[in-house]
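Taking it in order: structure first as structure tokens, then the write-up.
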Amino acid sequence: METIKCRSIPTHKSKLAKTFQKVINLKTATKIASNNGIGICMLTSQNKFDQEHDLNKPYKPHDAKDKKKAVLYALAAKLFAGITAIKAAYAELQMAQNPYSSEAIQSADQAVVEELKSISQLKRSFFKNDLDHLSPQVTVMLAEIQEQQSMMKTYEITIKKLESEKKAKDLEASSLKKKLAESNLYNKSLEKTLNASGPLSMFDQVQFLNLNPTHFVQFLHSALRSMRAFVKIMVREMEFARWDIQAAANAIEPDLTFSNPTHCRFAFESFVSKTLFEGFNQPNFMLSNETHHYQNYFNKFKNLKSTNLRHYLTQNPTSSFSRFTRGKYLQLVHAKMECSLFGNLNQRKLVNSGGFPESAFFTAFLEMARRVWCLNLLAFSFGEDVSVFQVSKNSRFSEVYMESVTHESLLDDNDDGVEGDLRVGFTVVPGFKIGKTVVQSQVYLSPVSSPVSS
């Protein structure tokens with residue numbers, strides 16, 4: 001006869017399954033032969049108290065001791081089950097805070113209170129040694145079932161929390177994608193703005209022999225377009241950083257009322273041009289002691305205007321132009337300003353260490369710096385003395401030396417018997433003198449009214 005081998009029971013049961021198995025195994029089946037020879041399964045208690053004693057008979061001393069241990073074990077199981085239930089209720093209470101649900105909060109709060117009352121009752125029973133009402137087998141089973149239910153509730157709450165966090169992350173990712181799309185559009189607009197400065201290829205046909213002041217004026221306008229493009233980018237960054245543009249303009253030019261809110265940009269153009277043109281009356285902005293024949297300045301002008309800037313700066317990190325670029329950027333963009341606009345000082349640190357940032361902001365600055373440097377080379381290509389002049393504040397307007405940046409008909413007299421007296425509010429772009437040739441300065445005018453004398 002073949003022997004049938006029983007399959008081993010898998011050991012990876014869940015804790016809940018083990019609990020029920022433990023309860024079922026508290027009693028084992030015993031086979032008793034009946035009169036008709038058929039085996040009958042009878043459940044007999046596996047508890048040693050039931051095996052050795054009749055329940056109606058009094059316990060012996062060692063039986064009482066074992067029962068006390070079983071009761072204490074049941075007490076501990078019930079206590080731990082209550083703590084797990086409190087943890088689950090507390091987790092549910094936290095979950096109900098966001099989004100806020102008053103009903104869920106009250107339900108979770110009530111569950112916590114009930115479990116605390118139950119634990120408090122256990123504490124009183126323990127100190128009073130009144131634990132006879134606890135049935136060890138039933139209490140342990142119910143405690144483990146309660147613990148499993150509480151753990152399942154905690155897991156469900158955790159799942160809901162993770163799903164909520166996932167939803168929040170999805171919304172954040174969507175928001176970042178939107179910002180990325182906006183940044184791409186912004187970068188495209190910056191490219192258009194930079195291209196608006198005009199190409200420098202138009203000066204490729206200029207030869208040294210036919211060089212004249214008109215070429216200087218033309219290149220000056222090209223440099224100023226680049227400067228205004230940079231100022232436009234800078235003001236836009238200020239607006240993104242929630243700057244008060246009016247207050248910033250007033251800090252540059254105090255005690256001045258702009259006739260139009262959009263005229264604030266002229267204050268920033270004034271600040272940028274004043275910084276960049278400082279030292280313009282000297283060759284190479286006084287950054288080099290070398291003196292060249294004026295044709296050499298023109299050759300340098302032709303080379304630098306058409307070269308790849310980043311390649312040139314990388315290959316010539318100690319050149320006068322490289323030092324000019326670094327010095328003017330650090331002078332123009334203050335550390336506090338950069339931190340406010342970009343949230344860090346990464347660009348400043350890179351410039352200080354000899355590098356050149358790849359940002360659109362610095363790229364616009366770099367192109368502006370190139371054109372101002374080339375303008376200086378072009379000015380000294382004439383072999384004449386070069387000087388720069390600014391108009392003092394409150395000076396009378398002169399069409400010979402000045403040009404109004406607003407291009408408005410401010411020269412007309414006002415009505416109502418009041419004659420408009422135009423005064424210079426501030427110089428936006430300085431004027432230049434190359435030999436005997438004068439290039440007008442650009443000024444912002446503000447009318448000063450005075451009664452007409454009778």
Side-chain angles (χ1 to χ4, degrees), residues 182-203 216-241 243 245 248-249 252 258 260-278 280 301 304-310 312-313 321 324-326 328-334 337-338 341-342 347 351 356-378 403-407 426-430 432 439 441-444:
E182 292 175 352
S183 297
N184 290 334
L185 291 175
Y186 175 54
N187 289 336
K188 289 181 180 179
S189 68
L190 290 183
E191 291 178 4
K192 292 181 180 179
T193 303
L194 292 176
N195 294 333
S197 301
L200 298 180
S201 57
M202 60 181 292
F203 297 95
F216 177 85
V217 174
Q218 290 175 343
F219 199 87
L220 171 62
H221 290 164
S222 174
L224 295 182
R225 285 196 298 270
S226 177
M227 185 179 299
R228 290 181 181 120
F230 173 76
V231 170
K232 184 177 181 180
I233 294 172
M234 183 174 69
V235 172
R236 189 176 300 178
E237 293 290 349
M238 290 177 178
E239 291 174 344
F240 286 160
W243 279 41
I245 304 300
I252 298 173
F258 294 95
N260 190 314
T262 61
H263 291 174
C264 290
R265 72 179 190 276
F266 294 123
F268 300 113
E269 290 179 14
S270 170
F271 172 70
V272 173
S273 68
K274 187 181 298 183
T275 303
L276 286 179
F277 286 118
E278 183 181 356
F280 188 89
F301 161 78
L304 185 59
K305 76 176 183 59
S306 58
T307 191
N308 182 299
L309 271 183
R310 294 189 181 276
Y312 177 85
L313 293 172
F321 176 60
F324 170 80
T325 302
R326 292 191 183 93
K328 292 298 183 181
Y329 178 82
L330 297 176
Q331 185 179 356
L332 183 64
V333 185
H334 192 272
M337 176 182 177
E338 182 174 321
L341 295 182
F342 308 114
Q347 292 190 137
V351 172
F356 298 95
E358 297 285 346
S359 67
F361 181 82
F362 189 83
T363 300
F365 168 81
L366 196 58
E367 182 60 31
M368 175 180 63
R370 185 233 292 265
R371 298 191 184 206
V372 171
W373 183 268
C374 285
L375 187 67
N376 177 264
L377 294 174
L378 185 61
E403 178 185 1
S404 173
V405 292
T406 56
H407 303 292
F426 58 91
T427 301
V428 179
V429 179
F432 301 88
V439 180
S441 62
Q442 297 184 11
V443 297
Y444 183 81

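Just so you know, these numbers use all the heavy atoms, side chains as well, and skip hydrogens, waters and symmetry mates. All of these numbers come straight from a predicted model, not from anything done at the bench.
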Practice problem: Answer yes or no: is there a donor N or O on one side and an acceptor on the other, between the side chain of E338 and the main chain of Q347, under 3.5 Å? | Solution: yes
Could you tell me the separation between the [atom1] atom of [X] and the [atom2] atom of [Y], rounded to the nearest 0.5 Å?
X	Y	atom1	atom2	answer
K305	F219	NZ	CZ	8.0 Å
M234	R265	CE	CZ	13.0 Å
L366	R371	CG	CZ	11.5 Å
F266	T427	CZ	OG1	13.5 Å
E278	S273	CD	OG	11.5 Å
L375	S226	CG	OG	11.5 Å

How would you list, by chain and number, every residue that makes a side chain to side chain contact (heavy atoms under 4.5 Å, CB included) with [X], sequence neighbours excluded?
X	answer
I245	V235, M238, E239, W243, C264, F268
F271	I252, T275, L332
Y312	L304, T307, N316, S319, F321
E358	R310

Exercise. Test side-chain hydrogen bond (donor to acceptor under 3.5 Å, both in side chains) on E269 and Q442 and set out the steps.
Key: CA-CA 11 Å; E269 290 179 14; Q442 297 184 11; over 6 Å; no
Quiz prompt | Residues forming a ring pair (Phe, Tyr, Trp, His ring centres under 6.0 Å) with F426, sequence neighbours excluded | solution = Y444
Practice problem: Kindly give the heavy-atom pair with the smallest separation between A249 and F258, and that separation in Å. | Solution: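 Smallest interatomic distance, heavy atoms only, reads CB-CE1, 4.1 Å.
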Exercise. Over all heavy atoms of both residues, which pair between F301 and C374 is shortest? Give the atoms and the distance, please.
Key: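 Shortest heavy-atom contact: CD1-O, 3.3 Å.
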Is the shortest heavy-atom distance from the side chain of [X] to the side chain of [Y] under 4.5 Å?
X	Y	answer
L377	W373	yes
L309	F356	no
M337	E237	no

Quiz item: Given the rule in the ring-ring contact (aromatic ring centres under 6.0 Å, His included) test, do F277 and F432 qualify, once you have shown the distances and angles that lead to the verdict?
Solution: CA-CA 10 Å; F277 286 118; F432 301 88; 5.3 Å; yes
Quiz item: Applying the side chain to side chain contact (heavy atoms under 4.5 Å, CB included) test to V333, which of F361, F365, F362 qualifies?
Solution: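 The single option meeting the side chain to side chain contact (heavy atoms under 4.5 Å, CB included) with V333 is F361.
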Quiz item: Under the side-chain hydrogen bond (donor to acceptor under 3.5 Å, both in side chains) test, which residues partner R370, sequence neighbours left out?
Solution: E367
